[in-house]
Amino acid sequence: MYQPDVVEAKWQARWAERGTNEPDLDGAARPFYNLMMFPYPSAEGLHVGNMFAFTGSDVYGRFQRLRGHQVFEPIGFDAFGIHSENFAIKVGSHPARLIPANIANFRRQLQRMGGMFDWRHELSTTDPAYYKWTQWLFLKLLEAGKAYKKYAAVNWCPECKTVLANEQVINGFCERHPETRVEQRTLEQWFFRISDYADRLLADLDDPGRMDWSETTVTAQRNWIGRSEGAEIEFALDHNRDITVFTTRPDTLYGATFMVLAPEHPLVGEITTPAQHDAVHAYRAAAAAKDLISRRVGEREKSGVFTGAFAKNPANGRMIPVWVADYVLMEYGTGGIMAVPAHDERDLEFATRYGLPVVPVVDEGGMLIGSGEFSGMLADQGRSAIIRWLESSGTGKGVIQYRLHDWCISRQRYWGPPIPIIYCDEHGAVPVPEADLPVLLPDIEDFRPDDSGISPLARHEEWYYVPCPVCGTRARRETDVSDTFLDSAWYYLRYPSTDFDDRAFDAERTRRWCPVTTYIGGNEHAVLHLLYSRFIAMVLHELGLVTFDEPFARFRAHGLIVKDGAKMSKSRGNVVVPDQYLARWGADTFRMYLMFLGPFQEGGDFRDEGMSGPRRFLDKVWAMVGDCVREDMCGGEVRRELVVKWHQTVKRATEAIGALRYNSAIAACMELVNALREARCCDRQVVQDLIVMLAPFAPHFAEECWERLGHATTIFDELWPEWDEQFVVESRVEVAVQVNGRTRSTVIVGRDAGEDAVVAAALADAATQRFVAGKEVRKRIYVPNRLLNLVVG
RNA sequence: ACCCGGGUGGCGAAAUCGGUAGACGCAAGGGACUUAAAAUCCCUUGAGCUUCGGCUCGUGCGGGUUCGAGUCCCGCCCCGGGUACCA
């Protein structure tokens, strides 16, 4: 009788004892770094979605190990961040108290699922031994000129008395206070120059030799970076000033009938005429009061106000009015546009509302009209011709614009790594000397944010005031902490080197294990986390600290586990916790069930009705192993059809697992078991291969079976079975016989039988005869070993 | 609105090179074993018709290409996820 709880506990203990999952990090000849996205250790514990993702990644790691690699499969915890902090506030506790308990619970669950984790290298981003190096990384970027400070707009919730991330603002209201409108505040923040890398981040995506990534993820990154080719054009104002705009449609330059500046545009104040001053002032004040999100999302109706100023179109010399409107964003392009209502929907909407003229300059055939010397050209030609003209006349130039902004890493919060900077009246922003790292996050009870817009750390004077590292006079610490995305942008570098406390990552270890061989994670991180990690790797590469500049050689996005057709979330109340299933069915059955429910890269709907299927399957295999152990049941020659099935199964399972189609691999194994049972065969060699193929899915079960079969060492030191192509193809094949494309019969013929033989066999068949008798066969299509199609007239 | 996925039996799905649609599993029905139940084993299971040999229809909808389309092309509809006035 197979007892999962006993078997699983036994093997988990044995793996720990024997160091089964601990590769030789300094000597591995065929290193394989199998990485999964580390979890945020929530109070609720691991949910089914995490379990699905981790199991899928673990299956892959175990498979690669059986293929002869030394697999390093680490795990850790992404435990800093606003989520933990908000949760602590809600339950009246402290994140530093809650997180260890959450991590302990996660660790228990991860061990229970039987992951091939190397626990020697567990890490938590909240550990000073970790964030010391996150701070060090910040200093490296600062040193390299990749970090800078500037004023930027943030979302502010007056009720929470804190800054909110864009994701926490729902239609202009606070996520936690649906009655409270979010405001906009401008604060000075630290940024990383990721936009300097836009081109390289984009170029590598097009190089599959360097980056073997899920196509969906590549597309998401491409869209996020948002490269647009176009031109910057200068429209002259009076007094030697001009307005520069960005457009992707320089070919429509003659159709510009007005201009629009973003309300924050610095020129607005200067150019507004006295008559329009009050109206413009009021409009700008109203725009500033609106939060960032509702400006973009909530109120779609265009509004604006005339500045009273006019600017000159460099192409035709026409003076056109300059307006201010909040549909133009300061963050993109130059913060100002030339409006071409004839060829832009938004401009048209605005023109219609304010009665501005509309002048078409491209006809239905895509040809330029009313465009001076450029008339008659096709738009594409016109585009480059106009750019050339702009450049020669000094009124503009071709430029490339990106949607990607620099990365703001400042958070006016408590639960994160303090940014290692000290402000001195004399010396300005001074980096904390490396020897003084880490800047410890003080353990304070009063960590709640207030409405000052300044981090709670500023209230703790004993921490806040420090001597300036340069002159020793009283100076102040930076009170912002860094974004959690910075923690996770380099954690893969830390894993192999957690045993070094004098360096972030050891050069030799890193060379052996990085870049990560295969990274598996959710597509919700397709953009930010994966893009930030790539950026950090590029900077480290430039600094000569790593030998590679793309951190993840292969990335696969797993699917989403949904419940009742919708994403699992606390607010929907449909989150499924795996513990009850682990307790009832055991880890192996549960793993197998999760991997069988659909293609790993697509995910699926979680319903527990199917759980008994994989369990029954394991029971059957268990019984088969029992038969195999009793000598009298075994022996004799394995029938040819079974040999074929066996080799076919090895082939199918190997290819399916390689492609992450785990459900198909399991189905193939099930078919083999059905065939063996039907033939009452329990050939030892076949059964052993079967157990090895099941090992990635049901590791404890496989180990136990392996031991019962008389082996003393772990099954994971075995080698994955090979198949022999000559056995994969059956000696006799069934060929479909179609008449006019419809299958009417089948004939059994020898493999690779010639067309004439198959036609003869088909015509001899009564079922086929009924459809061809008395008719002329005008055409025959023969696909060897598959089908014969007779076209009759 | 845009960008990705996806739509196949009662259900999860398979068929990824245009070649026998529904493998594998769940659920359901029938039978065997059993005092009984559970477990296990065997059979049936896309729909409709049938003289039980088969026939017709069938992969979201409408067209098309092809000897042949779940698969390719054109035009839609629906579901899930992401992004949000990007000039």
Side-chain angles (χ1 to χ4, degrees), chain A residues 166 214-220 222-224 226-228 230 245-249 252 260 293 295-297 299-302 325-329 331-340 343-347 349-350 401-405 522-524 526-527 557 559-560 562 565-567 592-593 596-599 601-614 616-617 619-620 623 652 656 659 661 663-671 673-674 677 734-746 766-767 770 778-783 785-792:
Chain A
N166 285 356
S214 289
E215 197 49 45
T216 53
T217 313
V218 168
T219 308
R222 216 176 262 137
N223 293 342
W224 185 267
R227 183 180 196 272
S228 301
V245 301
F246 172 74
T247 177
T248 53
R249 295 290 307 275
T252 62
V260 185
I293 296 290
R295 225 182 97 186
R296 287 183 195 152
V297 180
E299 291 139 40
R300 288 240 98 132
E301 200 172 325
K302 302 269 180 297
D326 65 5
Y327 82 93
V328 172
L329 309 173
E331 307 90 77
Y332 186 77
T334 63
I337 62 159
M338 65 175 202
V340 185
H343 305 290
D344 183 282
E345 247 178 75
R346 294 154 301 175
D347 296 344
E349 201 188 312
F350 192 82
Q401 204 37 256
Y402 297 93
R403 183 184 175 280
L404 180 69
H405 298 335
N523 235 347
E524 68 273 20
V527 182
L560 199 65
V562 299
K567 190 175 165 176
M592 200 155 226
Y593 163 74
F596 189 56
L597 106 185
Q601 288 175 93
E602 282 170 35
D605 208 329
F606 184 87
R607 50 187 67 234
D608 46 16
E609 291 106 69
M611 203 86 66
S612 54
R616 281 203 274 256
F617 171 67
D619 283 340
K620 286 176 196 169
R652 280 175 64 194
R661 295 199 318 271
N663 54 335
S664 295
I666 294 171
C669 292
M670 287 173 165
E671 279 187 50
V673 168
N674 291 347
R677 281 163 57 86
E734 192 187 29
V735 172
V737 178
Q738 299 185 335
V739 178
N740 290 344
R742 311 203 44 159
T743 305
R744 295 302 181 183
S745 180
T746 59
R770 292 217 317 274
R778 291 194 314 204
K779 192 172 173 186
R780 328 191 293 210
I781 292 103
Y782 177 57
V783 183
N785 303 321
R786 288 214 150 245
L787 115 177
L788 171 72
N789 186 10
L790 301 171
V791 183
V792 301

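All chains are named by letter (A, B, ...) in the order of the sequence lines, taking the proteins before the strands, and each is independently numbered beginning at 1.
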Could you let me know what B:rC76 is paired to, Watson-Crick or G-U wobble, both distances under 3.5 Å, or none if it's on its own? B:rG60
Where does B:rG80 land, syn or anti, once you apply the within-90°-of-0 test for syn? anti
Have a look at B:rG9 and give me syn or anti from its glycosidic angle (syn if within 90° of zero). syn
Looking only at side-chain atoms of [X], point me to the closest of [options].
X	options	result
A:K779	B:rU56, B:rU83, B:rC67	B:rC67
A:F246	B:rG25, B:rC3, B:rA87	B:rA87
A:R677	B:rC85, B:rC24, B:rC41	B:rC41

Once rounded to the nearest 0.5 Å, what's the spacing between atom CD of A:Q738 and atom OG1 of A:T743? 4.0 Å
Find the distance between CD (A:Q401) and CZ (A:F246) and round it off to the nearest 0.5 Å. 5.0 Å
In terms of the nearest nucleotide of RNA chain B, which residue is placed more toward the 5' end: A:D347 or A:R616? A:R616
Toward the 5' end of RNA chain B, by each residue's nearest nucleotide, A:N223 or A:V783: A:N223
Flag side-chain contact, heavy atom, 4.5 Å: A:L597 against A:N663: no
With the side chain counted from C-beta on, respond yes when A:I337 and A:T247 share a heavy-atom pair under 4.5 Å apart, and no when they do not. no
Can A:K302 be said to sit on top of A:Y327's aromatic six-ring, NZ or CZ under 6.0 Å from centre and within 45° of the ring axis? yes
Treat primed atoms plus P, OP1 and OP2 as sugar-phosphate and everything else as base, then score nucleotides 46-55 of chain B 5' to 3': B for base contact with protein heavy atoms under 4.0 Å, S for sugar-phosphate contact only, - for none. --------SS
Would you list the protein and nucleotides 14-17 of chain B atom pairs, both N or O, that sit under 3.5 Å from each other?
{"unit_1": "B:rA14", "atom_1": "OP1", "unit_2": "A:N663", "atom_2": "ND2", "d": "3.0"}

Which whole number of Å gives the distance between the C1' atom of B:rA23 and that of B:rU59? 15 Å
How far does the P atom of B:rA1 sit from the matching atom of B:rG10, given to the nearest Å? 33 Å
Respond yes when some side-chain nitrogen or oxygen of A:R403 is under 4.0 Å from OP1 or OP2 of B:rC3, and no when none is. no
